[in-house]
Trainee: 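Below you'll find the structure I mean.
No hydrogens, no waters, no symmetry mates; every other heavy atom, side chains included, goes into these values. Order of listing sets the numbers, starting from 1, for every ligand and every atom in it. Residues: numbered from 1 along the sequence shown.
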Amino acid sequence: MELSDKAEEILERLGIGIEERDEPYLELSAFEEEAAIGELVKFGYVLIKGDKISLSDKGKKEAENAIRRHRLAERLLADVLDVRKKILNEMSCKFEHLLHKGVEDDVCILLGHPKVCPHGKPIPPGDCCREDRAKPRKLISSLSELQTGQSGRIAYIHTGEREQLQKLLAMGALPGSPISLLQRFPSYVFQIGHGQFAIDREMAKDIYVRLVKV
Ligand SMILES: [Zn+2]
Ligand SMILES: [Zn+2]
């Protein structure tokens, strides 16, 4: 039996609440949907103690999967379908339910195993991110994995370091900019507009390129 969309959303909210607040229990009163809560209790995903609610171990895993689907849906909508940030969340909430088990890994592979959602929140890794299976065709790839001469548009930059990000932005490496890789060795040389820039492999890994039509 599958969880209802409502129950899945509550699971996700619990998972996010616990991730952000670092508290194992949340106030039960914050969750109004009684039927959906009942469903989660029946599945053994949540534990209720007085006016507190928390996730069981089984529930934690499910919540992580729900968060993964939501954030992958956001990435897919933002990077591949160019959906604007304003309506991103609303659309992702509907879209994530379409990414059922198995499908989310295909989306993850397609997007090059993104580590963060468009809001910078971590995407929990799936099996596909751990094992490097035969590589299917990607839509998004890091610059370090491009062939010489390959081009696309910058999808997003993934770096935890401010300094690196500023360097890349100063080179004009903005999401949406056309980019082509001119050389891979001894350093990565790429072109944006009329400018050519050399960076090391570590920095090249931080630039994610959307390979479909330039
Ligand atoms: Zn997000
Ligand atoms: Zn993956």
Side-chain angles (χ1 to χ4, degrees), residues 3 5-23 26 30-31 55 59-146 152-162 165 168-169 174-176 201-202 204-212:
L3 277 184
D5 289 357
K6 254 260 102 73
E8 196 165 280
E9 266 155 38
I10 293 180
L11 212 52
E12 196 181 325
R13 273 170 61 201
L14 273 166
I16 290 170
I18 287 164
E19 170 190 274
E20 283 175 354
R21 265 171 259 173
D22 209 25
E23 265 176 41
L26 297 176
F31 301 91
L55 289 170
K60 268 179 211 152
K61 190 73 215 138
E62 270 312 298
E64 195 181 286
N65 289 337
I67 292 170
R68 174 170 158 77
R69 282 194 290 274
H70 183 103
R71 293 182 181 162
L72 279 173
E74 285 182 336
R75 268 280 62 118
L76 187 66
L77 291 168
D79 298 337
V80 180
L81 303 177
D82 268 333
V83 171
R84 277 167 302 137
K85 278 225 168 118
K86 245 172 132 181
I87 52 170
L88 193 59
N89 192 52
E90 188 192 328
M91 275 189 77
S92 307
C93 285
K94 291 178 188 148
F95 208 73
E96 65 181 274
H97 302 299
L98 301 176
L99 296 189
H100 284 300
K101 289 188 183 84
V103 181
E104 75 249 41
D105 281 0
D106 289 341
V107 171
C108 192
I109 291 166
L110 199 68
L111 298 175
H113 311 286
K115 294 181 187 73
V116 290
C117 81
H119 307 96
K121 298 269 171 73
I123 299 175
D127 291 340
C128 61
C129 310
R130 294 179 195 111
E131 50 189 87
D132 208 29
R133 294 188 213 149
K135 282 184 190 148
R137 200 176 68 89
K138 286 180 185 173
L139 271 185
I140 307 269
S141 172
S142 82
L143 188 69
S144 64
E145 283 170 32
L146 255 53
R153 273 181 197 278
I154 296 179
Y156 59 96
I157 309 285
H158 171 62
T159 173
E161 287 171 47
R162 226 193 153 88
L165 183 63
L168 289 172
L169 293 179
L174 296 164
R201 187 176 157 76
E202 283 312 302
K205 270 198 208 158
D206 293 339
I207 304 176
Y208 283 79
V209 180
R210 181 176 165 187
L211 299 170
V212 281

Trainee: Got a donor-acceptor contact below 3.5 angstrom from the Arg69 side chain to the Glu104 backbone?
Mentor: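 Looks like no, no N/O pair under 3.5 Å.
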Trainee: Residues in salt bridge (charged side-chain N to carboxylate O under 4.0 Å, His left out) with Glu64, at least two apart?
Mentor: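 Salt bridge (charged side-chain N to carboxylate O under 4.0 Å, His left out) check on Glu64 returns Lys61.
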Trainee: Kindly write out the residues that satisfy salt bridge (charged side-chain N to carboxylate O under 4.0 Å, His left out) with Glu74, not counting sequence neighbours, or none if the list is empty.
Mentor: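 In terms of salt bridge (charged side-chain N to carboxylate O under 4.0 Å, His left out), with neighbours along the sequence ignored, Glu74 is linked to no residue.
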Trainee: Can you list everything that forms a salt bridge (charged side-chain N to carboxylate O under 4.0 Å, His left out) with Lys205? Sequence neighbours excluded, please.
Mentor: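 Expected list: Glu202.
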Trainee: What protein N/O/S atoms are there under 2.8 Å from the Zn ion (ligand 2), waters excluded?
Mentor: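 Within the sphere that stays under 2.8 Å of the Zn ion (ligand 2), the protein atoms of type N, O or S are Cys108 SG, His113 ND1, Cys128 SG, Cys129 SG.
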Trainee: Give a yes or no on whether a salt bridge exists between Arg68 and Asp105, defined as a side-chain N under 4.0 angstrom from a carboxylate O.
Mentor: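 Salt bridge flag = yes for Asp105 with Arg68.
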Trainee: Is His113 close to Cys128 at the side-chain level, that is, under 4.5 Å between some pair of heavy atoms?
Mentor: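 Contact flag for Cys128/His113 side chains = yes.
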Trainee: Between SG of Cys117 and ND1 of His119, what angle is found at the Zn ion (ligand 1), rounded to 10 degrees?
Mentor: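 If I round to 10°, I get 110°.
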Trainee: Should Arg75 and Val116 count as side-chain neighbours, where that means a heavy-atom distance under 4.5 Å?
Mentor: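 Touching, per the 4.5 Å side-chain cut-off.
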Trainee: Restricting to N, O or S atoms, which atom of Glu74 is closest to the Zn ion (ligand 1)?
Mentor: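 Nearest N/O/S atom of Glu74: OE1.
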